[in-house]
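First up is the structure itself, then whatever we jot down about it.
For ligands, and for the atoms within them, numbers begin at 1 and follow the listed sequence. Index from 1, following the sequence. This is a predicted model, so every value here is computed, not measured.
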Amino acid sequence: MITRDGAYVSLWQDMPVYETQRKASSTLIYDAVIVGGGITGISTGLLLQKSGLNCLLLEAHNIGFGTTGGTTAHINTLLDTPYTTISKNFGEDNARLVVQATREAVNLIKRNIQDYRIDCEFEEASAFLFSQDDKQSKELDDIAEASEKASLKLEPIFSIPVPIPFEKAIRVEEQAKFHPMKYVYALAKQFEALGGTIVQYCRVTHANEDDDMIQIEAESASFKALKLIYATHIPPTINLLHLRCSPWRSYAMAIKLKSGNYPDGLIYDLYDPYHYYRTQVVDGEKYLIAGGEDHKTGHEPNTEKCFRQLESHVRRYFDVSEISYQWSSQYFESTDGLPYIGHLPGHSHNVYVATGFGGNGMTYSSVAAIVLNELVTKNESIYGDLFSPTRIKPIAGFADFIEHNTDVAKQFIGKWFTTGELESMADLAQGEGKVVKFNGEVIAVSKDSDGSLHAVSPACTHMKCSVAWNLAEQTWDCPCHGARYSPDGKVFTGPATRDLEPVELRTLSEKEK
Ligand code: FES
């Protein structure tokens with residue numbers, strides 16, 4: 001089974017780990033190295049390989065370990081950032097360009113499915129957006145007006161496919177849904193068939209950039225490339241993007257209904273955070289997928305509560321027979337509402353990034369593939385300026401800020417702590433974790449389901465923010481830029497590239513006590 005960055009299992013994980021076809025070379029100079037084996041990296045790799053480049057894709061875990069394995073897989077041009085906000089921040093012409101780019105992305109997915117005969121339970125669907133009070137109705141009117149001006153096809157409707165009371169609703173055509181991992185595996189296979197190389201369990205730690213070549217250092221190998229693309233949500237360096245993207249957690253459930261009345265379409269309410277519903281058939285079984293209860297990573301002290309709130313919301317409207325799966329995943333919001341796709345600020349012209357997709361990762365991953373393919377092969381794209389990460393204004397004093405924050409603490413080398421005392425002081429139930437002060441030191445301590453205690457430094461190895469325990473997924477999550485770690489401190493997701501510093505625990509013998 002595919003592994004992911006948390007304790008819960010998503011609807012998409014019941015697949016064997018992807019089997020790679022060829023070996024990477026550390027002497028060859030690849031045209032492009034892509035870091036990240038999610039839908040963005042693989043979609044981009046495939047387009048570049050089709051354009052005639054020789055690409056290497058490096059993934060720190062297995063393919064789909066991150067958000068691609070935990071998405072709810074809505075393929076839409078009706079976006080989380082409403083067109084009211086996009087028009088306000090970027091102008092009406094650019095809002096039209098966003099519709100054009102996302103439409104092109106949906107078409108790319110459809111074309112891939114057709115060309116490669118991918119069986120990924122893809123279905124075209126309408127999106128429904130509905131209001132439940134006067135304030136939301138006004139917001140819905142504004143969204144509808146701005147969306148129409150941006151040339152999104154929509155219409156007002158008077159019934160919605162879910163048994164939820166509403167005031168007003170609109171329907172948007174030409175959206176879609178699919179099984180994301182089946183799609184990604186098929187693209188990966190195609191990428192390799194065209195000569196691309198995939199290496200799993202290969203964490204990239206840093207890259208040395210020369211004028212005409214980049215040396216990419218991974219934990220157990222190094223590679224050379226002319227171009228480097230970070231498709232890791234947020235790049236593993238310390239960069240302005242870390243100040244312009246915030247990490248969020250989102251919760252989802254796959255539910256069996258007693259009645260068998262599964263709704264058609266992709267359905268969204270207008271709460272903040274909003275709830276969403278859709279039906280997916282997986283291997284012949286129908287599920288209602290419901291999601292929501294989003295919060296900033298590391299800011300919710302009881303993440304289990306988010307699942308319970310989502311469950312009670314769903315039970316209010318649906319005759320739940322069984323919650324078959326529940327899982328959470330992470331996404332990154334940009335400050336102005338559009339993703340950053342293009343040259344990575346502060347690096348050479350040969351280093352690229354794609355991040356800040358918000359809750360529209362399935363669509364923006366294909367937008368990123370299109371834009372990056374054009375930038376890498378032609379050095380221009382009609383969407384280049386719109387999504388350019390360099391639209392970020394430099395921040396005064398950023399260099400000093402980096403200097404100050406990269407010095408990772410090594411406070412526990414040579415020190416050890418007694419298990420018994422720490423355990424009684426932290427007072428943890430199985431599955432709990434806490435950051436505690438013990439014998440003058442701050443320690444992140446957790447107890448696993450077997451009752452074993454784990455202790456690590458809470459200082460995130462990216463820029464030293466203090467991590468917070470994620471009760472639901474049994475991980476240490478960094479609230480600053482979203483790095484996530486296992487209970488014993490192993491890096492699950494970047495931007496950190498190093499594990500949390502371990503804290504040595506010893507059980508005293510009777511004689512020592
Ligand atoms: Fe940047 Fe933790 S992810 S400080």
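Listed by chain and number, the protein N, O or S atoms at a distance under 2.8 Å from atom 2 (Fe) of ligand 1 are C460 SG, C478 SG.
Residue-environment remark: CD (Q215) exceeds the threshold of 12 foreign heavy atoms within 6.0 Å.
Here Y352 pairs with H343 under the ring pair (Phe, Tyr, Trp, His ring centres under 6.0 Å) rule; sequence neighbours left out.
Using a 4.0 Å cut-off between charged side-chain N and carboxylate O, K434 and E432 make no salt bridge.
Side-chain polar atoms of D477 and T297 form no donor-acceptor pair below 3.5 angstrom.
Less than 6.0 angstrom separates the ring centroid of Y251 from the ring centroid of H295.
Side-chain N or O atoms of T303 include one that pairs as donor or acceptor with a backbone N or O of A472 at under 3.5 Å.
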